[in-house]
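Heads up: the structure comes next, in structure tokens.
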Amino acid sequence: MPVQCNAVEVPAVASMLRGSMSDPIYDDLNEQQQSAVAHGSGPMMVLAGAGSGKTRVVTRRIARLLRDGTPSGAILAMTFTNKAAGEMAHRVQQLGGDYVRVATFHSACARFLRRDGHHLGYPSDYSIYDVQDRDTLIKELMAEHGVRSSQIKPAAIGNVISRLKNAALAPDTTALGDDDIAQAVRKLWTPYHERMKQVGAMDFDDLLLVFLQLLREFPAVAERYRERFRYLLVDEFQDTNRVQYDLMKRLCPPPGNLCVVGDPDQSIYSFRGAEVRNILEFERDYDPCTIVRLEQNYRSTATILRAAENVIANNRQRLDKRLRTDNPDGDQLRRFRAATATEESAAIVDRIAELRDDGVELDQIAVFYRAHWLSRAIEQSLKTAGVPYTIVGGQTFFERREIKDLLAYLRVLVNPLDDVSMARIVNVPPRGIGKTSLEKLRQVAFSEGMSLREVVADPALHGALTGKGRKGLAELADALERARVAAGYGVHAALEVILKTTGYVQHATTFGDAEDSTREDNIKELISDAIEFDDAEPEDDPFAAPGEEPQAGVAGYLQHVALLTSADSGEGDGPVVQLMTVHAAKGLEFDHVMIAGLEEGVFPSFRSIDDADALEEERRLCYVALTRARVTAMLSHARERMVAGSLDSMRPSRFFKELPKDCIADYAPTWRRYELDDDVDHDTGWTVTMDPEQLANVRVGVRVRHQEYGSGQVTRLAGRGISARAVVRFDDGREREFVLEYAGLDLLEDSGF
DNA sequence: CCCGGTAAACTTTTT
DNA sequence: GTTTACCGGG
């Protein structure tokens, strides 16, 4: 029987709390929540613990501002993800705040730059490059500047550039170091940004950075924005990075009406430059500011909350903070020790069936994991069991190859400078313009001082190519010109012309791989999305100000699409189980939560295991995962898992040790007909098969025996202590990696190696 | 230029 | 196990 623990709809409690403030806006709010809603002008920081009713406070506060006469166009609410923005926009709209602007930092800046980027020399129809586009460009630049791409991957350089920009740094910083990648970054930094500007493009980081630069260098423009948005609200403040914080300060300098809401324990984006430090700086920069703490949890059972609090209590770098709840204890957490990943997913299916039999709606069940690749096994089991589900995130619809190709076509229509997009489609579908032909075209473009698109558009410049290539070029020029004309009638029209004149569908469905059949569906989906966009009333754009030109047409569509994630794609049909990474789960809540893959090296990730700070972030991630659950939580781990092609022995996550023992009980499905080892290690639950003395003798080259695989030789060692692992090449050629302490390897005599 | 083969590397997390 | 890079024959 599900425990009802959401205090949202209990009027009796509300009337007691309401006290002197007899006003529907303060209905069902506790004292702290009320003070946050009632706060007048000036800076405020709301430290909102998990499940403490943050969203309600924010939306009620907006409602109050509106009711007390603040024009809705003067309120700007910044969120972190599109999903959060959409949800908040929806709620605010219900309150009558039609013109309250709710957006992510990125989409807001993208929008502002469309209008004001020209001050810095950017076209209003600039392209927004995603990571793929960025890396394509970096790869080109590496070739041009003699950086060996076989040694360093473009993505590595791109990531470093991005990290620097997120911290508002340039490559002259000492923080960059001096390894191969750092040197490449120094060499390519300026060319990269020059080229980006030349092709009229910005990457995700530029959206923020360039807008910040604009505010800095054009005080009059900055003043215009400050006057327009007199109330600024920033959600998930703990996840803002340096640049975002600088933006906030420019848009709403002290002692402005800046309201930030956050929870330091849920800071999980440091890899993207998020600085929890911003919370401390806010107190200093906006002193004196009102600080409100929301410490009453209305979401989870007391048991779940206690489990989560105990885990997070292991973090050393932490403000003292505790959450209370009046909710009932509820069930214990369940722990499932699986032999394999397959068995783990079987248990998940099993548990879902159990919940469904109890009458639980499937959309109240979520499965979380640390990284996307873990979803595969679970997905497979759900599929075979016929459990309907969706995967939130993962490869975005708009990152699919066929979609990116078509969007690249649209981009070159709107932004003729965009050589990266042009190079992408110049031979897609194949029209006889390969690498060498493209190089010739680039030469022409360079000597003429033109973009590729302009060269293609001018038949007089086609002389560089002959035969097949030249014919193909003429066809491409024709297709683009027709599409350009069609674009005047809308996105759909442009797409149809592109598809028809290039024969793209035929091309995309004959790659000869498994996805051939789904590609056509994807293209159809893109078309219906385009139609929907074409048909949408300009007012449907929650970000359009009254009187502001509507964001329509192909350019508008591209901008809209560039910042979308699959997490934003609409709810499918009917309630389905939700699968997602823990990151994607932030801000959501479900009655029943399952967390899979709780193993050392997976969650916490092996990349974080040797770094105290990174490990604390993993722990916050675990805290976020647990606090999503309202009623029950099941935590599972497998003892063996396929990781990057090899079967690894896994140990249970250290987070299990951090849960109070009475919070959690083993989950024992009746279908499992065997038991894992009886003789279990107290902490880990698994048999220790190699004693520490033996363990110390394991060296590269030593021969070992494994029950199942026979004898072999250790070829590589990794990790220390209890996480020490060895790669063993067996005599039959198979290679496996083991956690020594648990793998059951026997040391053989030194065989004269 | 294109397609097929085989080798090699590889999996955090997101706007 | 999966995706990408590179190479050689049509």
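Lettering of chains follows the sequences in order, A, B, ..., and the numbering in each one begins at 1.
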message: Could you check whether Tyr225(A) and Asp116(A), counting side-chain N and O atoms only, form a donor-acceptor pair closer than 3.5 Å?
response: yes
task: Select base, sugar-phosphate, or nothing to describe what Asp130(A) touches, counting heavy atoms under 4.0 Å on all strands.
output: nothing
message: Can you measure Lys435(A) atom NZ to dA5(C) atom C1' for me and round it to whole angstrom units?
response: 11 Å
Phosphate-side-chain proximity, Ser437(A) and dC1(B), N/O vs OP1/OP2 below 4.0 Å: yes
message: Assuming nearest nucleotide by heavy-atom distance, tell me which of Pro430(A) and Leu621(A) is located more 5' along DNA chain B.
response: Pro430(A)
message: Would you say Asn166(A) places a side-chain N or O within less than 4.0 Å of OP1 or OP2 belonging to dT15(B)?
response: no
Can you pull every protein N or O that's under 3.5 Å from an N or O on nucleotides 7-11 of chain B?
| from | atom 1 | to | atom 2 | distance (Å) |
| --- | --- | --- | --- | --- |
| dT11(B) | O3' | Arg607(A) | NH2 | 3.1 |

Distance, rounded to the nearest Å, where Leu209(A) contributes CG and dT15(B) contributes C1': 14 Å
task: Could you check how far CG of Leu441(A) sits from P of dC1(B), rounded to whole Å?
output: 11 Å
message: Whole angstroms only, please: what is the NE2-P distance between His507(A) and dC2(B)?
response: 10 Å
task: For the residue pair Glu618(A) and Ser608(A), confirm or rule out a side-chain donor-acceptor distance under 3.5 Å.
output: yes
message: Measuring only the C1' atom in each nucleotide, how far is dC6(C) from dT11(B)? A whole number of Å is fine.
response: 22 Å
query: Expressed as a whole number of Å, how far does the C1' atom of dT4(C) sit from that of dT13(B)?
result: 22 Å
- prompt: In whole Å, what is the span from the CD atom of Gln132(A) to the C1' atom of dT15(B)?
  reply: 15 Å
query: Quick one: is Thr436(A) getting a side-chain N or O under 4.0 Å of the dC1(B) phosphate, OP1 or OP2?
result: yes
- request: Kindly say if Thr581(A) contacts the phosphate of dT14(B), meaning a side-chain N or O under 4.0 Å from OP1 or OP2.
  value: yes
